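A short worksheet on the structure shown next.
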Amino acid sequence: MPQYDFRKFHYRSINAANDAERAAINQELKDLYASLPEDEKEEFNQQLQTFLAKEMGRLKSDYESVKGNLGDN
């Protein structure tokens, strides 16, 4: 099964100039999913969920680190 580069979409979305550009990037991801054969869609979803869980964990860790540093001031 192919590996999907969700990080590429994520960073492009973060750096989007505006909501319209962000929506276009999200549409690209939806179009990619729609183009997949049915037997690859489950793998795509599993990889996406894994990416999102890791990214949310990283963001939480970053937030807690910043929050802790702010408390030291």
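Quick caveat, the model's predicted, so the values are computed rather than measured. Along the sequence shown, the residues carry numbers beginning at 1.
- For residues 36-57, the set of pairs meeting the ring pair (Phe, Tyr, Trp, His ring centres under 6.0 Å) definition, not counting sequence neighbours, comprises Tyr4-Phe44, Phe6-Phe44, His10-Phe51, Tyr33-Phe44.
- Here the CZ-CD1 distance, from Phe9 to Ile14, works out to 14.0 Å after rounding to the nearest 0.5 Å.
- The structure places CG of Leu52 at 12.0 Å from CD of Gln47, a figure rounded to the nearest 0.5 Å.
- More than 12 heavy atoms of other residues, nucleotides or ligands sit less than 6.0 Å from atom CD of Glu28.
- A 4.5 Å side-chain heavy-atom check between Arg22 and Arg12 finds every atom pair outside the cut-off.
- When every heavy atom of Ala16 is checked against every heavy atom of Ile25, the shortest pair comes out as CB-CD1, 4.3 Å.
- For the pair Leu36 and Glu40, the tightest heavy-atom approach, listed with the atom from each and the gap, is CD2-OE1, 3.7 Å.
- Of the possible polar contacts, one joining the Thr50 side chain to the Gln46 backbone as a donor-acceptor pair under 3.5 Å is found.
- Summarising the local packing, NZ of Lys41 is surrounded by more than 12 heavy atoms from other residues, nucleotides or ligands at distances under 6.0 Å.
- For the residue pair Asn45/Gln49, the side-chain donor-acceptor check at 3.5 Å is not satisfied.
- Judged by distance alone, the side chain of Glu21 and the main-chain N or O of Ala17 form a donor-acceptor pair under 3.5 Å.
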